[in-house]
Amino acid sequence: MKIITLALVCAACTVIFFSAQGCSSGNETLINTAHLDHLYEEGMIEDQKVGYINIYSEYPEYQHTPAAGEGIACVDDVARAALFYMGYFRLRPDENILSKTRNLLRFILAMQADNGYFFNFISDDLTINKT
């Protein structure tokens, strides 16, 4: 029940956020996706192309870096990015945004264990951290 409630709250916040942004003209919006786009990467997890969000980077170049004992990406950050891109797609219908959204959702599905729970992290070699 908590997961469903959290999902509904996230969805509602996304809708409110994107409705409030508006467009200045044409395809221009007040939203700058540059940093999120920089954190986004693609790779293969168990023979499936996925997208993920690097959760750690180092100043000043913001090069991606793994966290010891955790990894480079996690389910909750990827889920938030997928929600963002879904809302952003409504403002800017673009195949690249749709592709990122699909790849992020594939990541989430790839992280689901046989019992229905989710593993949280992937390592820098894109293996699922099952510990």
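Note that this is a predicted model, so its numbers are computed, not measured. This chain uses plain numbering: 1 for the first residue, then up along the sequence.
- Two residues are said to be in side-chain contact when any heavy atoms from C-beta on lie closer than 4.5 Å; Met86 and Leu83 meet this criterion.
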Yes or no on side-chain contact (heavy atoms from CB on, under 4.5 Å) for Gln48 and Arg106, after CA distance, side-chain angles and deciding distance? CA-CA 8 Å; Gln48 183 165 316; Arg106 281 190 203 104; 3.3 Å; yes

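- Using modelled atom types, one side-chain atom of Thr101 and one backbone atom of Ile97 make a donor-acceptor pair closer than 3.5 Å.
- Within the structure, the ring pair (Phe, Tyr, Trp, His ring centres under 6.0 Å) test picks out the following pairs touching residues 45-73 (sequence neighbours left out): His38-His64, Tyr59-Tyr62.
- Transitive grouping of hydrophobic side chains (ILVMFWY, heavy atoms separated by less than 4.5 Å) keeps Phe121 and Leu109 in distinct clusters.
- By the salt bridge (Lys or Arg N to Asp or Glu O under 4.0 Å) test, Asp94 is found to be paired with no residue, residues two or more places apart in sequence or in another chain being considered.
- The side-chain heavy atoms of Val50 and Met44, taken from C-beta on, include no pair separated by under 4.5 Å.
- Nearest approach of Phe119 to Ala113, heavy atoms of both residues: CE1-CB, 3.6 Å.
- Partners of Leu36 by side-chain contact (heavy atoms from CB on, under 4.5 Å), not counting sequence neighbours, listed by chain and number: Ile53, Ala81, Phe84, Tyr85.
- Applying the side chain to side chain donor-acceptor pair (under 3.5 Å) criterion to Asn129, with sequence neighbours excluded, gives Thr131.
- Sparse packing is recorded around CG of Asp114, with 12 or fewer heavy atoms of other residues, nucleotides or ligands lying under 6.0 Å away.
- Side-chain contact between Leu126 and Ile72: present, with at least one pair of heavy atoms (C-beta onward) separated by less than 4.5 Å.
- Applying the salt bridge (Lys or Arg N to Asp or Glu O under 4.0 Å) criterion to Asp124, with sequence neighbours excluded, gives no partner residue.
- Taken from CG in Asn120 to CD in Glu70, the straight-line distance is 8.0 Å, to the nearest 0.5 Å.
- Across every non-hydrogen atom of Ala82 and Leu105, the tightest pair is CB-CD2, 4.0 Å.
- Residues Ile128 and Glu46 have side chains in contact (heavy-atom distance under 4.5 Å, counting atoms from C-beta outward).
- Taking NZ of Lys100 as the start and CG of Leu104 as the end, the distance is 9.0 Å to the nearest 0.5 Å.
- For Glu42, the side chain to side chain donor-acceptor pair (under 3.5 Å) partners at least two apart in sequence or on another chain are Tyr40, Lys49, Asn103.
- Within the model, atoms CZ of Arg92 and OG1 of Thr33 stand 7.0 Å from one another, a figure rounded to the nearest 0.5 Å.
- Ile55 and Ile108 fall into different hydrophobic clusters, where Ile, Leu, Val, Met, Phe, Trp and Tyr side chains are chained together by heavy-atom contacts under 4.5 Å.
- Within the model, atoms SG of Cys74 and CG of Asp76 stand 4.0 Å from one another, a figure rounded to the nearest 0.5 Å.
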